[in-house]
Amino acid sequence: MLKGEKIWLDGEFVNWDEATVHVMTHTLHYGLGAFEGIRAYETHDGRTAIFRLHEHVRRLRDSAHIALMDNPYSHDQVANAIIETVRINHFKSCYIRPLLFLGHGAMGLGAVNPTRLAIAAFPWGAYLGEEGIQNGIRAKVSSFARTHVNTNMSKGKICGHYVTSILAKREVQKAGYEEAIMLDTHGFVAEGTGENIFMVRDGMIKTPPLGASILAGVTREVVVRIVRDIIMAENPGVSFSEELFSRDQLYTADEVLVCGTAAEITPIREVDDRRIGLGKPGPITRRVQEIFFRIVRGQEPRYQDWLTFV
Ligand code: PMP
């Protein structure tokens, strides 16, 4: 792993190799912690901008709120610490990982140890591969369900939730696929292990609603905006709705894409060995990708306020 120089830990910068914790750290045992994944991009004019910083900080604070974790940091403190972390590490572009966790002290589920905050930044390329972004990936529906809306709190990006995602991811990777698609406990399509999902058929673009067992993805919202503001304006025949759909609706889709901070916009060219559309990224996916990468590089003035320059 390519590392950064300094990690922000509880209010000060420490050297990357010295940013360690005690093995009795509560979150390490029970998984109650909250984290974010954020990207900073080099913009077209050579500057660096954090993409949708404030939405990520808000979600981090929401996650802590949902998880009943004390959070000693204000929105501005977290946002400024993230900006400082990118600055001090001199990255032009990077992935940023803030992690709120419970420190050591007491053990047991009822313990309320002080909340700690770490912020690391490091280079990270295309999560599902550059080839995947260009040509699409092969996905498989996992045998592991996304948890019921009343089991894990899906609107929180909470550490322990990712065990199910890892099981799903490992299951399909061992079978030779690149990403898992998770269904909810009713059998409807929910999301990828670390991405939201969209499908297109006959010009109708669909994504599961926020009330489903899905994370409220920041990139999901970006795609919705691109669809509403640009794709629909360019193509009068295109419509958009947030609704549930089944796995066989994916099989017969013209286009499927997954999106997330790490995965950006990745086309799916096959689901459960069924070719999607022509087996290569379709025109709507291509256009969404094109606009997305223009936005993060600062080339779309109407979305300039989504960028925080460092
Ligand atoms: N769903 C899950 C389960 C995720 O972990 C992620 C990544 N944070 C997403 C969706 C996409 O969210 P975002 O676009 O905010 O990165």
Side-chain angles (χ1 to χ4, degrees), residues 31 33-41 50-64 66-67 78 82 94-100 120-121 124-128 132-133 137 139 141-142 144-149 151-172 179-185 188-199 207-227 242 256-266 268 288-289 291-293 295-296 303 306 308:
F35 68 101
E36 271 305 313
I38 311 172
R39 274 191 194 270
Y41 288 90
I50 301 172
F51 187 55
R52 305 218 69 182
L53 170 65
H54 295 289
E55 287 73 16
H56 285 285
V57 172
R58 184 174 184 206
R59 189 171 64 190
L60 182 70
R61 288 167 51 77
D62 283 348
S63 297
I66 290 168
V78 177
I82 290 171
C94 61
Y95 183 86
I96 307 153
R97 167 55 52 81
L99 171 66
L100 270 174
W124 202 359
Y127 177 64
L128 294 170
I133 293 212
I137 59 164
V141 172
S142 172
F144 296 97
R146 197 76 173 90
T147 51
H148 185 274
V149 283
T151 303
N152 282 347
M153 303 294 100
S154 63
K155 298 304 166 286
K157 196 166 165 63
I158 293 169
C159 300
H161 290 181
Y162 281 81
V163 174
T164 327
S165 286
I166 291 172
L167 291 175
K169 180 104 186 169
R170 290 192 173 177
E171 175 186 44
V172 304
E179 185 54 297
I181 294 169
M182 302 183 76
L183 308 180
D184 66 17
T185 44
F188 294 105
V189 173
E191 59 183 343
T193 59
E195 309 87 22
N196 292 108
I197 191 164
F198 286 72
M199 63 160 279
T207 196
L210 283 181
S213 185
I214 62 168
L215 189 74
V218 173
T219 321
R220 174 189 181 281
E221 198 214 322
V222 170
V223 173
V224 171
R225 286 287 300 275
I226 291 173
V227 165
E242 299 185 44
V256 177
L257 68 84
V258 290
C259 65
T261 299
E264 298 167 313
I265 312 292
T266 301
I268 305 271
V288 171
Q289 280 184 318
I291 300 163
F292 174 83
F293 286 112
I295 293 173
V296 298
Y303 304 112
W306 286 352
T308 302

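Remember, it's 1-based here, ligands and their atoms both numbered in the order they're listed. Values reported hereafter were calculated over all heavy atoms of this structure, with side chains retained and with hydrogens, waters and symmetry mates removed.
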Participant: Kindly check if the number of other-residue, nucleotide or ligand heavy atoms within 6.0 Å of CZ (Arg58) is above 12?
Facilitator: no
Participant: Of Val256, Ile197, Asp184, which meets side chain to side chain contact (heavy atoms under 4.5 Å, CB included) against Val189?
Facilitator: Ile197
Participant: Nearest to atom 2 (C) of ligand 1, what protein heavy atom do you find, and at what distance?
Facilitator: Glu191 OE1, 3.6 Å
Participant: What protein heavy atom lies closest to atom 9 (C) of ligand 1? Include the residue and the distance to one decimal.
Facilitator: Gly194 O, 3.4 Å
Participant: Establish, from distance only, whether the side-chain atoms of Glu195 and Thr266 form a donor-acceptor pair under 3.5 Å.
Facilitator: no
Participant: Atom 14 (O) of ligand 1: which protein heavy atom is closest, and how many Å away?
Facilitator: Thr219 OG1, 2.5 Å
Participant: Closer than 4.0 Å to some heavy atom of Gly217 - which atoms of ligand 1 meet that?
Facilitator: 12 (O), 13 (P), 14 (O), 15 (O)
Participant: Does ligand 1 have any atom sitting under 4.0 Å from a heavy atom of Thr193?
Facilitator: yes
Participant: Between Glu191 and Arg220, does any NZ, NE, NH1 or NH2 come within less than 4.0 Å of an OD or OE carboxylate oxygen?
Facilitator: no
Participant: Can you sort out which atoms of ligand 1 are near Gly260, meaning under 4.0 Å from one of its heavy atoms?
Facilitator: 11 (C), 14 (O), 16 (O)
Participant: Mind checking whether His161 has a heavy atom under 4.0 Å from ligand 1?
Facilitator: no
Participant: Please confirm whether Arg146 approaches ligand 1 to less than 4.0 Å, judged on its heavy atoms.
Facilitator: yes
Participant: Just which atoms of ligand 1 are under 4.0 Å from any heavy atom in Thr261?
Facilitator: 13 (P), 14 (O), 15 (O), 16 (O)
Participant: Of the protein's non-hydrogen atoms, which lies at the shortest distance from atom 5 (O) of ligand 1, and what is that distance?
Facilitator: Tyr162 OH, 2.5 Å
Participant: Between Phe35 and Tyr162, is the ring centroid distance below 6.0 Å?
Facilitator: yes
Participant: Give yes or no for whether the N/O distance cutoff of 3.5 Å, strictly under, is met between Ala216 and ligand 1.
Facilitator: no
Participant: So, is His56 polar-close to ligand 1, with some N/O to N/O distance under 3.5 Å?
Facilitator: no
Participant: For atom 8 (N) of ligand 1, what's the nearest protein heavy atom and its distance?
Facilitator: Lys157 NZ, 2.8 Å
Participant: Going by the side chain to side chain donor-acceptor pair (under 3.5 Å) test, name the single residue among Arg59, Arg61, Arg97 that passes it with Glu36.
Facilitator: Arg59
Participant: Should the pair Lys169-Glu179 be classified as a salt bridge under the 4.0 Å nitrogen-to-oxygen rule?
Facilitator: yes
Participant: Check each of Val224, Val258, Ile265 against Phe198 using the side chain to side chain contact (heavy atoms under 4.5 Å, CB included) test, and report the only one that passes.
Facilitator: Val224
Participant: Determine the interplanar angle of the Tyr127 and Trp124 rings, folded into 0 to 90°, and report it as parallel if under 30°, tilted if 30 to 60°, perpendicular if over 60°.
Facilitator: perpendicular
